[in-house]
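Below, chains carry the letters A, B, ... as their sequence lines are ordered, and counting in each starts from 1. What you see is a predicted model; the values in this text were computed from it and never measured.
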Amino acid sequence: MNETYLIQQVIKAIKGLYQHDILEKNVQISKTRKEFSGDYTLVVFPLLSISKKSPESTANDIGEYLKNNYSALESFNIVKGFLNLSLKSEFWIEKLKLFNSLNDNLSSANNKVLIEFSSPNTNKPLHLGHIRNNLIGHSVSEILKKAGNEVVRVNLINDRGIHICKSMLAWQKWGNGETPASSSLKGDHLIGKYYVLFDVELKNEIADLVSKGNSDEFAKNNTSLMKEAQEMLQKWERGDIEIISLWKKMNSWVYEGFEQTYNALGISFDKIYYESETYLLGKNIVAEGLKKGIVEKKTDNSIWVNLTDDGLDEKLLLRADGTSVYITQDLGTAIMRYNEYKPNKMIYVVGNEQNYHFQVLKLVLKKLGNEFSDSIQHLSYGMVELPDGKMKSREGTVVDADNLIDEMIDTARQISVELGKLDGFSDDEKNQIYKAIGLSALKYYILKVDPKKNMTFNPKESIDFNGNTGPFIQYTYVRINSILRKANDSNIEYKKVDNNYDLNEKELELIKLLNQYQLVINEAASSLSPAIIANYTYELAKEFNQFYHDFSILNAENETIVKFRLLLISFYKNVLKDAMSLLGIEMPERM
RNA sequence: GGUUCCGUAGCUCAGUUGGAUAGAGCAACAGCCUUCUAAGCUGUGGGUCCCGCGUUCGAAUCGCGGCGGAAUCACCA
């Protein structure tokens, strides 16, 4: 809690009472817990060595001092070593007024931040893990922007490498010219089908070799299919016209498919990099490193970097046949990006299974003389697991992104129809609302969990639409909206508020919570965590619903109260919408 | 085996730089629609915060040691 104005008052009090200077960070002020009365609580224990008095009398000294010297203070009370301070209504009403200018009082970090997320392979459709990546990336971008940073969103498409050759080869061998049009399969799903087929056929071949008396080890390393795939990769790197044109054709199918999924999720990028366009730079960088003697060539011509001095291992940078590996292109991409944008910070949204990779990447970049290496931050997020463990494509347990999105929207439709809330809307309007609700359930479900933690998704239990969920928050918004619409229809003017307004307890709670928004944004931005925003929106919604239940707004006791409450809830509406937009979640006007 | 991360209610998760009697949702049970949208509100039950030791006025939070789980240590990406 950085309520600076209060902290300054306490510092003054300590100085006045005990002639002692104290640092801001040593003043512990927090929100007062619900079971006690007060707005803020000062923990006096750390101050005892200065006051040389008991906790109670120290708290009393400070309380009295503030009472006499700080005009905003209404009253105080002391429980054990805790000094609870209540501020005057006027103080909170002034705070509330600041929400008239919601968007222009943000801390401006003025940093340029480049953030990479999504980064799909072009050999299979997106799944639930990718959804988490995309949602986190998009949301963190929005949060950083809100906190005053310039944000560049980039996607790095992994469009080359042995895995792409596998699906190309399988399609060439067994595809019979199948296309998305001919099969009415989404392009990325079509390619995925052949990637799986390759794996199946590869297993068959290995089994065949083993049955002919070869060892498992030998069989694995000597399949004709793998050899063909490797030859294809070499041809690709040499620019073989036939292979390149096949590659372009198949990739274009995948991009069309991805585009649909990105659109459904509401995600976009400022810049898309393709590994096929950056990996050569990576190779050059490795070659330079070789000249400088930073990396070394082994007898089989493969190139390695030795990181044993840094507690890590040796790492391959180029294969013996000269083709590049994952980290090769990542080196090139990082340098290219840095030179292009000169950001203060580069964030990579990549799963925690690649923690080691990023350790290596930063080290190698540094060794090669790139000081910006220190500005790279790996936003390492946890895996999405199923109740019995990891998703495995071989076992067909992968939760497909497109299917899941469709299911969520369909569930939203079913619930809405059951409740009969959208009777009288056009089909277009209805579909738009179903989509907003279904996606909010999905997005909120994923984003409310701390990114760095693994999370469990149970496909058998559908994602909830009640309780701590996206639709609940949307519903709250819609309720507010409905009241404001009625107020508008009756031409009630509620933009002004009198400082003498007598706040009731719940109204005060609502203002205090609203007042935290700025802090919450800053915290979410510094910890790169959409979960902080999500949990805050839930608090907002819960508080409002209690208020809504306990107090009438349009039929309040008198006009002053009606107007005040309308103003208050209109700020709730704005903040709810604003906060949810940071999660990439749209708010329907009715539902 | 080395390194990193994690362990909070039956389940899914919160718990802000160490602060007061550890919180929500789901699931279960019991109430609340003639009144601003019941996708809501209220209540009941549910805990060895993995275990132990330490630091501290104070530990779910920090340190050390265990136990349990995950990831990684690829000429996959």
S.K.: So, is A/Ser482 close to the B/rU37 phosphate, meaning a side-chain N or O under 4.0 Å from OP1 or OP2?
M.R.: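 So the side chain of A/Ser482 is within the cut-off, an N or O lying under 4.0 Å from OP1 or OP2 of B/rU37.
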S.K.: Whether A/Asn458 contacts B/rC11 is assessed here as follows: a side-chain N or O lying under 4.0 Å from the phosphate OP1 or OP2. Is that the case?
M.R.: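 It does not, given that no N or O in the side chain of A/Asn458 lies less than 4.0 Å from OP1 or OP2 of B/rC11.
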S.K.: What's the verdict on side chain to side chain contact (heavy atoms under 4.5 Å, CB included) for A/Thr323 and A/Leu318, showing C-alpha distance, side-chain angles and the deciding distance?
M.R.: CA-CA 6 Å; A/Thr323 57; A/Leu318 274 182; over 6 Å; no
S.K.: What's the gap between B/rU12 and B/rA70 when it is taken at their P atoms, as a whole Å value?
M.R.: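 That atom pair is separated by 15 Å.
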S.K.: Using the purine O4'-C1'-N9-C4 or pyrimidine O4'-C1'-N1-C2 torsion, is B/rC32 syn (within 90° of 0) or anti?
M.R.: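 Anti.
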S.K.: Tell me if the side-chain of A/Asp464 makes a donor-acceptor pair with the base of B/rA39, cut-off 3.5 Å, by modelled atom types.
M.R.: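 No, no donor-acceptor pair under 3.5 Å.
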S.K.: Under 3.5 Å, side chain of A/Lys124 to main-chain N/O of A/Asn121, donor-acceptor pair present?
M.R.: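 A pair under 3.5 Å: no.
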S.K.: Could you state the interatomic distance from CZ (A/Arg479) to CG (A/Asn545), rounded to the nearest 0.5 Å?
M.R.: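 Between A/Arg479 CZ and A/Asn545 CG, I get 5.0 Å after rounding to 0.5 Å.
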S.K.: For a quick test of reading the model: is some side-chain N or O of A/Arg485 closer than 4.0 Å to OP1 or OP2 of B/rU37?
M.R.: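 Looking at the OP1 and OP2 atoms of B/rU37, neither is under 4.0 Å from any side-chain N or O of A/Arg485.
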S.K.: Under 4.0 Å from OP1 or OP2 of B/rA20: is there any side-chain N or O of A/Arg33 that close?
M.R.: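 For B/rA20, OP1/OP2 do have a side-chain N/O of A/Arg33 under 4.0 Å.
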S.K.: Side-chain N or O of A/Tyr548 versus OP1/OP2 of B/rA38: is the shortest distance under 4.0 Å?
M.R.: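 Affirmative; the distance criterion is met.
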S.K.: Where each residue is assigned the nucleotide of RNA chain B containing its nearest heavy atom, which of A/Asp313 and A/Phe45 is assigned the position nearer the 5′ end?
M.R.: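 Counting from the 5' end, the first nearest nucleotide belongs to A/Phe45.
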